[in-house]
Amino acid sequence: MNVAADSTTGTPPVFDHESLALVAQSNLLQFYLTHLASTLMPIKPETRDSITPNFSLPGSPNSDTDDSVSAALVSSTQALFSLLGTNTTNSSAVSKKVVSKTASKLCSVCADKSTGLHYGASTCEGCKGFFKRSVQNKKIYHCNQNNLCEIDKQNRNRCQSCRFRKCISKGMLTEAVREDRMPGGRNGNSIYRDEIVEQLVEWTKTLPFFDELPVEAHTHLLTQRWAELVLLSAGYYACSVFSPDSPDTTQMIDESDEISFTNPEVNLRLLQNRLALVLGKEIPFEHVSKEAGALVVRFTTLLHSFSKLKVSPEAYVCLKAITLLHLSADSTLDKSIIDKVKTLQDHFVKTLQIHLHQPGENSETTSLAQILEWLPELQNASSVLLHSKMFYVPFLLCKNPRRLVFDE
DNA sequence: CTAGCCTTGACT
DNA sequence: AGTCAAGGCTAG
Ligand SMILES: [Zn+2]
Ligand SMILES: [Zn+2]
C-alpha cells in the first residue's frame, strides 16, 4: 500500500498517518537522481527489451509546410540521439539482425505475401490499403461475433473490426497515415518520440508505484502525458543547471550560450546555433523561426513561469509523478484502476504539500495552489510541442551538444 | 469495399 | 540510380 517503508525512523513525520514524510525525504531524492540519470544520461544497455508497448497517440496533424526545411529540422537521426545520450549505432545495428520484424515475408496480419513495411508492420497490399482507408475515413467497426475472429488470407474480409484490431496489435500506426495525403518522402520523425518515450518508460520502472499499476495503465498514462513530462524535465533541468534567476537578460550578446528565461528570440538563435552544430549545416534564422518559433515562444514563457515557482528537487519529483498520474476525462481504463491512479496522485499531492510546508531553507514559500495552477500551462505547451513534432527542441535548448559532429 | 499496380519523393 | 514507404487509381 505505502510507497515506502513504514517504520518510523529518524525523521519526525509531519503527517500523522501514512509514511508520506518518509517518502518526501528519502525516496524522492533517489527518484530524482535516477530520473536525471535516465533522461539526461545514457540508459542502461540491458534494459532494452521488455514492455515498450504500442503508443498510439491522439494524432497531431502534420505538415502545414512543404518546405524542405521542416524536414531538415525534423529529420537527421544520429546526432540528436547522442545529444540525448542514447546510443543508436549500437542498438540499431544489433536490432536489425535480431528483430524479426523487418525480415518476414508474410503479412503479419493475414499471412498473405508481404510487400514490405506499411505503417509500421510488414503487411500485404490488402491490409495496407484496408488500414489506410480505415484511418482516413475514421471508420469505426463492430464485430458481430465476439471479437475473436481469426484473420487469414481467406476470411480477412469477414470482419473489419477484428482485422483492424489485429492491424493495431501488430504494430501498425494510425499516425503513419498522412492527413495531408502527401505522397512520397519519409516519415521517420516519430523515432525521436519513440526514443524519448522509451526513456520515460525506463523512468516509470523506477517509480515506487510501478508494481502497483498494470502495464496497460502505465502505457495509457505515458501515452497521454509524455510530452508534458518532457517539458517538465527540460524545464527543471534548465532551472537547476543554469541561473535560476537571470536578472540581466535584456542585453545579451548573440553568442551567449545560455538559455534565456525571458527572451524567445535569444532561444531561437540558440536553437539555430545548436541545430547547425548537430545537423552540420547552417539553417537560415528565418526558417528556424518559421518552423519552431511558436514552440520556442511557448517554451520560453513556460520556463519563465516555472522558474518563478522555485521548485526544489523533491517538489519536482512530486510534480512529475502528479503529471504522470493525471488522468484525462476520457480515460478508458477500468474503474478500479482509475481509482488507484487517483489515489496515487493524491498521495503525491499531499507529499508535495507537506514538503512545501516544511520550514525549509527559503522563506519564500510557493503555495501548492501556485504549482498546481501552473500545470494547465504545461499542458498547453505540450500540445504545441506535439503539434510541432520537434520533440527534441526542449533538450536541444537546455543542453549544449558539445562537439559531437563526427560522421563516419 | 478490396487489392493489385502505379506514381511520388526523400534518403542512400 | 535504386530502395522504401507513402498516396492514387481502378477493375472486380
Ligand atoms: Zn494482410
Ligand atoms: Zn470479429
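Atom CZ in A/R181 sits about 17 Å away from atom C1' in C/dA5, given to the nearest Å. Atom CG of A/L117 and atom P of C/dT3 are 16 Å apart (whole Å). The CD-P distance, from A/E125 to C/dC4, rounds to 14 Å in whole Å. Atom CG of A/N187 is separated from atom P of B/dC11 by 11 Å (rounded to the nearest Å). Rounded to a whole Å, the CG atom of A/D112 is 8 Å from the P atom of B/dA3. One can place CD1 of A/I151 at 11 Å from P of B/dA3, the figure rounded to the nearest angstrom. Rounded to whole Å, the distance from CD on A/Q136 to C1' on B/dA3 is 15 Å. For A/F131 and B/dG4, the CZ to P distance is 18 Å, given to the nearest whole Å.
Each of A/C124 and A/K139 lies near DNA chain B, and the nucleotide nearest A/K139 is the one positioned closer to the 5' end. Of the two residues near DNA chain C, A/G116 and A/K132, the one whose nearest nucleotide lies more 5' is A/G116.
Judged as a salt bridge (Lys or Arg N to Asp or Glu O under 4.0 Å), and not counting sequence neighbours, A/K138 has no contacts.
Not a single donor-acceptor pair under 3.5 Å links the side chain of A/S134 to the backbone N or O of A/K139. With hydrogens and angles ignored, the 3.5 Å screen pairs no side-chain donor or acceptor of A/N267 with any backbone N or O of A/L397. Put simply, the side chain of A/S289 never gets that close to the backbone of A/F285: no donor and acceptor are under 3.5 Å apart. Remark: side-chain polar atoms of A/Q370 are paired, donor with acceptor, to backbone N or O of A/S367 under 3.5 angstrom. A donor-acceptor pair under 3.5 Å links the side-chain atoms of A/T366 to the main chain of A/L309, judged by distance alone. A donor-acceptor contact shorter than 3.5 Å is absent between the side chain of A/N146 and the backbone of A/L148.
Exactly one of A/F306, A/Y237, A/Y236 qualifies for a ring-ring contact (aromatic ring centres under 6.0 Å, His included) with A/Y316. That residue is A/Y236.
Here A/K113 lies out of heavy-atom contact (under 4.0 Å) with every strand.
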Grab the N/O contacts between the protein and nucleotides 7-9 of chain B below 3.5 Å, and write none if there aren't any.
residue : atom : partner : partner atom : Å
B/dT8   : O2   : A/G184  : N            : 3.2
B/dG9   : O4'  : A/G185  : N            : 3.3
B/dG9   : N3   : A/G185  : N            : 3.2

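DNA chain B lies under 4.0 Å from at least one heavy atom of each of the following residues of residues 152-160 of chain A: A/R156, A/N157, A/Q160.
Across B/dG4, C/dA6, B/dT2, the shortest atom-to-atom separation from the side chain of A/F130 is found for B/dT2.
Within the structure, every side-chain polar atom (N or O) of A/R133 is placed at least 4.0 Å from both OP1 and OP2 of C/dG8. For C/dC4, the OP1/OP2 oxygens have no side-chain nitrogen or oxygen of A/Y119 closer than 4.0 Å.
The aromatic rings of A/F130 and A/F164 sit perpendicular to each other, their planes meeting at more than 60°, with 30° as the lower class boundary.
With respect to the salt-bridge test (charged N to carboxylate O, under 4.0 angstrom), the residues A/D346 and A/K342 do not qualify.
Taking only distance into account, the side chain of A/K128 meets the base of C/dG7 through a donor-acceptor pair shorter than 3.5 Å.
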